[in-house]
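Data block below; observations after.
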Amino acid sequence: MQNIIVAISGASGAPYAVRLLQILVEKQCKVHLTISRSAALVLNHEMDIKVDLRKFSAKSLIGKATKQISYHYYDDITAPIASGTFPVDAMVIIPCSMSTLAGVASGLGTNLILRAAEVTLKERRPLILVPRETPLGVIEIENMLRAARAGACILPAMPAFYQGPKTLNDMVDFVVGKVLNQLRIPHELFRKWSGVE
Ligand SMILES: Cc1cc2nc3c(=O)[nH]c(=O)nc-3n(C[C@H](O)[C@H](O)[C@H](O)COP(=O)(O)O)c2cc1C
């Protein structure tokens, strides 16, 4: 995968988004990034990262300036990723809030994240949603089912313990590694399961 849309919405789990972006840049992918207003609040709250949504700087988000990230403002419905004619390989919403999930499941195109997701599904491209909420109510479960039936991959932010994580970073890497698996991008963020010795 070369061209990937990454959308950050306002669920808890900002470290997953930052780590995914760092790895995609490391792997020489071209990233189209959009960030919701709530996501900017969560980035600030969880990671002390201040993103200016009007004047984005990759350095403030991933600690490094790069031309591999093209940033698109959340309300800019004229951005290239709002159209199916713009070639991208896949889209990831990480983390995915229940509100954004509901918008995806209903085919709303009322902001750039939702429009790009709608386009990704109708063009039959991979769409990976990384929801973070607990407990889940009937509405959230039904929205996940609806999105999955429309072709999305529901990849909940659920770190596992069988890998023997030692740090929070290990747990973040587990979830990000699962996203990379879906994108078919080889990685060494966690060891592959090889059975119990
Ligand atoms: C610190 C913080 C943590 C949040 N965590 C979650 C969460 O884990 N899951 C969720 O669905 N919403 C969460 N929210 C609420 C969403 O940000 C809110 O519903 C927002 O409207 C989502 O907008 P968006 O989908 O456009 O980003 C959180 C909000 C804040 C401020």
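Counting starts at 1 for both ligands and their atoms, following the listed order. FYI, side chains are in, hydrogens and waters are out, and symmetry mates aren't considered; it's all heavy atoms of this structure.
Note: the hydrophobic cluster containing V179 also contains I69 (ILVMFWY, side chain heavy atoms under 4.5 Å, direct or indirect links).
By the neighbour-count criterion of 12 heavy atoms within 6.0 Å, atom CG of L168 is sparsely surrounded, having that number or fewer from other residues, nucleotides or ligands. In this structure, M158 places its CE atom where only 12 or fewer heavy-atom neighbours from other residues, nucleotides or ligands lie under 6.0 Å away.
Below 3.5 Å of separation, one finds no N or O of N111 facing any N or O of ligand 1. Of the polar atoms of T100, at least one N or O is found under 3.5 Å from an N or O of ligand 1, judged by distance alone. Looking at ligand 1, you won't find any N or O of V42 less than 3.5 Å from one of its N or O atoms.
Note on ring orientation: taking the six-membered ring where Trp is involved, the planes of H32 and F86 are perpendicular (angle over 60°, cut-offs 30° and 60°). By the 30° and 60° cut-offs, the orientation of the rings of Y71 relative to F56 is parallel.
Which parts of ligand 1 touch S12 is read off a 4.0 Å heavy-atom cut-off, strictly below it: atoms 4 (C), 5 (N), 6 (C), 7 (C), 8 (O). Proximity to M98 (heavy-atom distance under 4.0 Å) selects the following atoms of ligand 1: 10 (C), 11 (O). Close approach of ligand 1 to S36 (heavy-atom distance below 4.0 Å) involves ligand atoms 24 (P), 26 (O), 27 (O).
When each of R37, R115, R54 is checked for a salt bridge (charged side-chain N to carboxylate O under 4.0 Å, His left out) with D75, only R37 meets the rule.
With hydrogens left out, the protein atom closest to atom 1 (C) of ligand 1 is H45 CD2, 3.9 Å, a heavy atom. In terms of protein heavy-atom proximity, atom 9 (N) of ligand 1 is nearest to R132 O, 2.8 Å.
Under the 3.5 Å distance criterion, the side-chain polar atoms of S106 are matched with a main-chain donor or acceptor of A102.
Between L41 and ligand 1 there is no heavy-atom distance shorter than 4.0 Å.
Nearest residue to atom 20 (C) of ligand 1 from S38, S99, P95, S97 is S38 (criterion: closest heavy atom).
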